[in-house]
K.L.:
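One structure, as structure tokens, below. Some questions next.
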Amino acid sequence: MTVHNAEIARQFNLLADLLEIEDANPFRVRAYRNAARIVEGMAHSVAEMVERGEDLSEIYGIGEDLARKIEELVKTGELSALQDEEKRVPVQLTELMRIDQLGPRRVKQLYRELGIKTLADLSRAAKAGKVQELEGFGEKTEAKILAGLEQLTSSGRRTKLSEATEIAESLADYLRGLEGISKVTVAGSYRRRKETVGDLDLLAVTEDGAQVMNRFVDYPEVEEVVSKGTTRSTVRLRTGLQVDLRLVPGRSYGAALCYFTGSKAHNVEIRTRAAQRGLKLNEYGLFKDNEYVAGRTEKSVYEQVGLAYIEPELRENTGEVEAAEAGQLPELVTMDDIRGDLHAHTNATDGHATLREMARAAADRGYEYLAITDHSKRVTMARGLDEKRLRKQLESIDALNDELRDITLLKGCEVDILEDGQLDLPDSVLEELDLTVCSVHYHRELSRKKQTERIIRAMDDPCFTILGHPTGRLINEREPYEVDMEALMEEAAERGCHMELNAQPSRFDLIDAHRRMARDMGVKVAICTDAHSTDNLDYMRFGVEQARRGWLTADDIINTRRLPALRKLLRRA
DNA sequence: GCCGTTTTCGGCCCGACTGTTTTCAGTCG
């Protein structure tokens with residue numbers, strides 16, 4: 001049995017919750033949460049590191065004690081510190097903390113004084129008016145708790161980046177249209193381009209806070225005003241998404257942008273650096289003895305603490321601060337670097353547009369090439385192509401390439417990787433293609449070992465070019481299948497195979513933790529939209545953003561190459 | 001519980017808003 005990084009993180013976070021309710025040293029709590037975040041973000045399996053006898057305490061943020069606890073968890077599947085804590089504090093109480101307005105202190109008080117353990121207990125007590133009688137609580141708090149209970153059961157899940165983008169852009173446009181406001185930016189995890197966002201943090205410059213806040217809460221999509229002040233307000237939109245608007249004067253804009261972009265761990269790191277230099281950093285600026293030093297731009301803030309500017313996508317405290325100090329930040333890939341798309345479908349299978357429409361749409365986006373990669377026959381739901389139909393499509397592509405001057409269509413296929421690792425079409429036809437995107441669609445349930453062997457076997461086929469959506473996860477819907485990604489990377493590097501970073505907003509796969517791994521292991525990445533319509537080609541933007549989160553440069557991405565150079569990379573040695 | 005140009009003890013980021021408070025605790029980001 002393998003204990004996954006996510007499981008280690010879950011248990012540490014749970015322990016942190018329980019310790020908080022117990023009123024433990026807040027810095028100790030932070031250490032657990034910090035460790036959970038570190039482990040979750042690691043590309044390598046911590047369990048395997050333990051098996052190899054590596055010293056986990058060498059990881060920054062994990063000391064002797066936590067290293068021992070991880071070891072215990074990996075070897076026994078259990079964490080005795082957590083079990084001890086569960087004897088002292090009912091574990092259900094951590095559920096209560098998910099409710100807005102309820103933190104560790106109030107949860108503890110509810111438990112001690114009213115015996116409330118579960119959401120159901122809480123609902124009953126609040127409806128009976130028992131909660132407002134407690135010291136420190138009141139009528140309004142009780143009402144908010146009831147509203148929070150309602151909210152928790154109705155939504156609860158994080159919003160996908162693509163959905164958040166539509167909502168955020170309309171709202172930002174609305175605010176930009178208001179009088180007396182300038183520079184509206186959506187900060188937070190949205191600006192870091194995390195795959196999902198919990199809420200939206202908007203930041204704007206204004207001299208007339210009261211007026212702007214009045215208009216903000218008037219935004220037609222606002223369902224509820226959670227709080228309202230002259231510098232900060234919070235609303236909940238009809239979609240359930242919570243939005244914070246923070247107003248600052250112009251000279252504080254950069255400092256506030258740093259602060260509200262986060263991540264929290266990154267901020268702590270930057271503020272600590274500031275403190276070491278005798279400076280104080282808050283959302284209003286960088287100060288020396290209460291004297292304003294910098295803050296109008298983010299760049300000025302980073303400069304004053306001795307760092308190069310750090311792109312928002314990197315601000316996760318996973319080494320970017322050290323890299324900025326050493327002048328070794330990567331030059332991240334941009335949309336301008338992208339010269340084509342290598343994974344797209346047509347109406348020959350489950351796409352909506354014709355070959356010609358897809359070609360036209362790609363040319364309109366300034367691309368040099370577009371690979372047509374319809375499904376292979378095993379994917380019957382999509383009416384996958386057999387050998388005969390694929391050959392027919394290849395003829396159409398030849399004809400279209402003869403006709404079109406401004407774009408080249410590449411011949412491809414999204415080939416299903418069968419259960420035994422064979423490719424779904426014979427090499428005799430695959431050899432005629434420029435590339436294949438080989439993907440797992442069925443038998444996701446195989447063991448980690450078998451799944452890994454299956455995919456490596458597929459890579460043995462000389463016609464295998466790119467591994468499509470390498471983990472098969474769907475955000476908020478489906479977990480990744482079990483696979484040893486490190487082994488896959490190693491084999492891919494050896495064979496000259498590439499990894500897809502699928503830009504579909506539900507996929508973003510390679511997932512976050514594996515992108516830097518690809519780079520570190522010398523595997524090139526193809527950012528592909530997996531477009532099923534002409535509009536879908538615009539997902540490229542999201543794919544590039546996700547690549548940036550993985551520290552990837554133009555050189556790490558194959559579809560930044562001109563066509564001749566790309567062709568060389570597509571050919572297996 | 002972690003960490004070290006404050007170096008094995010004693011720090012650990014900082015401020016806004018709300019509600020129940022007579023001066024502040026709790027929560028959130």
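Below, each value reflects all heavy atoms present in this structure, side chains not excepted, and no hydrogens, waters or symmetry copies. Every chain is numbered from 1, with letters handed out A, B, ... down the list of sequences.
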K.L.:
Write down the distance between CZ (R236(A)) and C1' (dC17(B)), rounded to a whole number of angstrom.
P.N.:
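To the nearest whole Å, that distance equals 15 Å.
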K.L.:
Judged by each residue's nearest nucleotide on DNA chain B, which is more toward the 5′ side, Q101(A) or E142(A)?
P.N.:
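Result: E142(A).
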K.L.:
Please report the distance, rounded to the nearest Å, between NZ in K144(A) and P in dT18(B).
P.N.:
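Taking NZ of K144(A) and P of dT18(B), I get 7 Å after rounding.
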K.L.:
dC13(B), OP1 or OP2 - any side-chain N/O from N267(A) closer than 4.0 Å?
P.N.:
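Answer no for this pair, as no side-chain N or O of N267(A) is under 4.0 Å from OP1 or OP2.
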K.L.:
Show the nearest heavy-atom pair for residues A547(A) and I527(A), with the distance to one decimal.
P.N.:
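Nearest pair, atom of A547(A) first, then I527(A): CB-CD1, 3.7 Å.
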K.L.:
So, for E20(A) and P104(A), which heavy atoms are closest and what is the spacing to 0.1 Å?
P.N.:
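Here E20(A) and P104(A) meet closest at O-CB, 3.5 Å.
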K.L.:
Heavy atoms under 4.0 Å, any strand shown: does K108(A) hit a base, just sugar-phosphate, or nothing?
P.N.:
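No contact at all - K108(A) keeps every heavy atom at 4.0 Å or more from the nucleic acid.
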K.L.:
Assign L19(A) to base, sugar-phosphate, or nothing according to its heavy-atom contacts below 4.0 angstrom with the strands shown.
P.N.:
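No contact.
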K.L.:
On a whole-Å scale, what distance lies between the P atoms belonging to dC24(B) and dC13(B)?
P.N.:
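It works out to 23 Å between them.
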K.L.:
Which part of the nucleic acid, if any, lies within contact of T230(A), taking any heavy atom under 4.0 Å across all strands shown: a base, the sugar-phosphate backbone alone, or nothing?
P.N.:
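Sugar-phosphate: the residue T230(A), judged by heavy atoms under 4.0 Å, touches backbone atoms but no base.
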K.L.:
Taking all atoms of both residues into account, what is the closest heavy-atom pair of K288(A) and R277(A), and its distance?
P.N.:
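Scanning both residues completely, I find the closest heavy atoms to be NZ-O, 4.0 Å.
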K.L.:
For F508(A) and F542(A), take the angle between the two ring planes, folded into 0 to 90°, and tell me which bin it lands in: parallel under 30, tilted 30 to 60, perpendicular over 60.
P.N.:
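Aromatic pair F508(A)/F542(A) classed tilted.
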K.L.:
Taking any heavy-atom pair under 4.0 Å as a contact, classify T272(A): base, sugar-phosphate, or nothing.
P.N.:
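Answer is sugar-phosphate: T272(A) comes under 4.0 Å of backbone atoms only.
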K.L.:
Heavy atoms under 4.0 Å, any strand shown: does I270(A) hit a base, just sugar-phosphate, or nothing?
P.N.:
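Result for I270(A) = nothing.
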K.L.:
Measuring to OP1 and OP2 of dG1(B), would you say a side-chain N or O of R28(A) lies under 4.0 angstrom away?
P.N.:
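So the side chain of R28(A) is within the cut-off, an N or O lying under 4.0 Å from OP1 or OP2 of dG1(B).
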K.L.:
Mind checking D65(A) for me? I need base, sugar-phosphate or nothing, with any heavy atom below 4.0 Å counting as a touch.
P.N.:
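D65(A): backbone/sugar contact only, no base atoms under 4.0 Å.
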K.L.:
Round to a whole Å and report the spacing from OH of Y60(A) to P of dC12(B).
P.N.:
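After rounding, the reported distance stands at 14 Å.
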K.L.:
With rounding to whole Å, what would you report as the distance between dT23(B) and dT18(B) at their C1' atoms?
P.N.:
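After rounding to an integer number of Å, I get 15 Å for this pair.
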K.L.:
Please give, in whole Å, the distance from dC3(B) P to N317(A) CG?
P.N.:
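For the pair N317(A) CG and dC3(B) P, the rounded distance is 12 Å.
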K.L.:
Donor-acceptor pair under 3.5 Å: do we get one between Y259(A)'s side chain and the base of dG29(B)?
P.N.:
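Under the 3.5 Å cut-off, the side chain and the base do form a donor-acceptor pair.
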K.L.:
Please give, in whole Å, the distance from dC12(B) P to K264(A) NZ?
P.N.:
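Roughly 16 Å, once rounded to whole Å.
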K.L.:
Could you work out which one of dC17(B), dT27(B), dT20(B) sits closest to the side chain of T141(A)?
P.N.:
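Nearest to the side-chain atoms of T141(A), counting from C-beta on, is dT20(B).
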K.L.:
Counting just side-chain N and O atoms, does R68(A) come under 4.0 Å of either OP1 or OP2 of dG1(B)?
P.N.:
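Negative; the distance criterion is not met.
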K.L.:
Which of these nucleotides, dA16(B), dT27(B), dG1(B), is closest to any side-chain atom of T231(A)?
P.N.:
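For T231(A), the side-chain atoms sit closest to dA16(B).
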K.L.:
Which whole-number value in Å describes the distance from E139(A) CD to dT18(B) P?
P.N.:
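About 18 Å, once rounded to whole Å.
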K.L.:
In whole Å, what separates the C1' atom of dG10(B) from that of dG15(B)?
P.N.:
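The same atom, C1', in both gives a distance of 24 Å.
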K.L.:
Spell out yes or no: do the side chain of N25(A) and the base of dG1(B) have one donor N/O and one acceptor N/O closer than 3.5 Å?
P.N.:
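Checked by distance alone, the answer is yes.
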K.L.:
dG26(B) and dT21(B): how far apart are their P atoms, nearest whole angstrom?
P.N.:
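Approximately 12 Å lies between the P atom of dG26(B) and that of dT21(B).
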K.L.:
Under 4.0 Å, counting only non-hydrogen atoms across every strand here, what does R246(A) touch: a base, just sugar-phosphate, or nothing?
P.N.:
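The residue R246(A) makes sugar-phosphate contact but no base contact.
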K.L.:
Is the shortest side-chain heavy-atom distance between R478(A) and R473(A) below 4.5 Å?
P.N.:
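A side-chain contact under 4.5 Å is absent here.
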K.L.:
Write down the distance separating the C1' atoms in dG1(B) and dT8(B), rounded off to the nearest Å.
P.N.:
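To the nearest whole Å, 14 Å.
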K.L.:
Would you check if there is a donor-acceptor pair between the side chains of R193(A) and Q546(A) at a distance under 3.5 Å?
P.N.:
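There is no such pair between these side chains.
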K.L.:
Atom CZ of F260(A) and atom P of dC17(B): how far apart are they, to the nearest Å?
P.N.:
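Distance check: F260(A) CZ to dC17(B) P gives 10 Å.
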K.L.:
So what does Q276(A) touch, heavy atoms closer than 4.0 Å: a base, only the sugar-phosphate, or nothing?
P.N.:
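Result for Q276(A) = nothing.
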K.L.:
Could you tell me the separation between the NZ atom of K228(A) and the P atom of dG19(B), rounded to a whole number of Å?
P.N.:
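These atoms are roughly 14 Å apart.
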K.L.:
Counting just side-chain N and O atoms, does S227(A) come under 4.0 Å of either OP1 or OP2 of dA16(B)?
P.N.:
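The answer is no; no side-chain N or O of S227(A) sits under 4.0 Å from OP1 or OP2.
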K.L.:
Between dG29(B), dG15(B), dC2(B), which one does the side chain of K280(A) approach most closely?
P.N.:
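Given the options dG29(B), dG15(B), dC2(B), the side chain of K280(A) is closest to dG15(B).
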K.L.:
Please compare S57(A) and K140(A) by the position of their nearest nucleotide in DNA chain B and report the one closer to 5'.
P.N.:
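Nearest nucleotide further toward 5': that of S57(A).
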K.L.:
At their closest point, which heavy atom of V483(A) faces which heavy atom of R448(A), and how far apart are they?
P.N.:
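Looking at all heavy atoms of both residues, the shortest contact is O-NH1, 3.2 Å.
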K.L.:
Looking for any heavy atom pair under 4.0 Å, which part of the strands does P104(A) touch: base, sugar-phosphate only, or nothing?
P.N.:
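Sugar-phosphate, no base atom in range.
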K.L.:
Does S233(A) place a side-chain N or O at less than 4.0 Å from the phosphate oxygens OP1/OP2 of dC17(B)?
P.N.:
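So the side chain of S233(A) is outside the cut-off, no N or O lying under 4.0 Å from OP1 or OP2 of dC17(B).
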K.L.:
Search all heavy atoms of V186(A) against all heavy atoms of A172(A) and return the closest pair with its distance.
P.N.:
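Residues V186(A) and A172(A), closest heavy atoms: CG2-CB, 4.3 Å.
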K.L.:
Expressed as a whole number of Å, how far does the C1' atom of dT22(B) sit from that of dC28(B)?
P.N.:
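Result for the C1' pair: 25 Å, nearest Å.
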K.L.:
Using a 4.0 Å heavy-atom cut-off across all strands, classify N34(A) as base, sugar-phosphate, or nothing.
P.N.:
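No contact at all - N34(A) keeps every heavy atom at 4.0 Å or more from the nucleic acid.
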K.L.:
Just compare dT27(B), dG29(B), dC13(B) and give me whichever is closest to any side-chain atom of R271(A).
P.N.:
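Out of dT27(B), dG29(B), dC13(B), the nucleotide with an atom closest to R271(A)'s side chain is dC13(B).
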K.L.:
Given that both distances must come in under 3.5 Å, which nucleotide forms a Watson-Crick or G-U wobble pair with dT8(B)?
P.N.:
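Across any shown strand, dT8(B) pairs with none.
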K.L.:
Touch check for E20(A), heavy atoms < 4.0 angstrom, all strands: base, sugar-phosphate only, or nothing?
P.N.:
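Nothing, no nucleic acid heavy atom in range.
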K.L.:
Taking the C1' atom of each, how far is dC14(B) from dT20(B), in whole Å?
P.N.:
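Nearest-Å result for dC14(B) against dT20(B) at atom C1': 24 Å.
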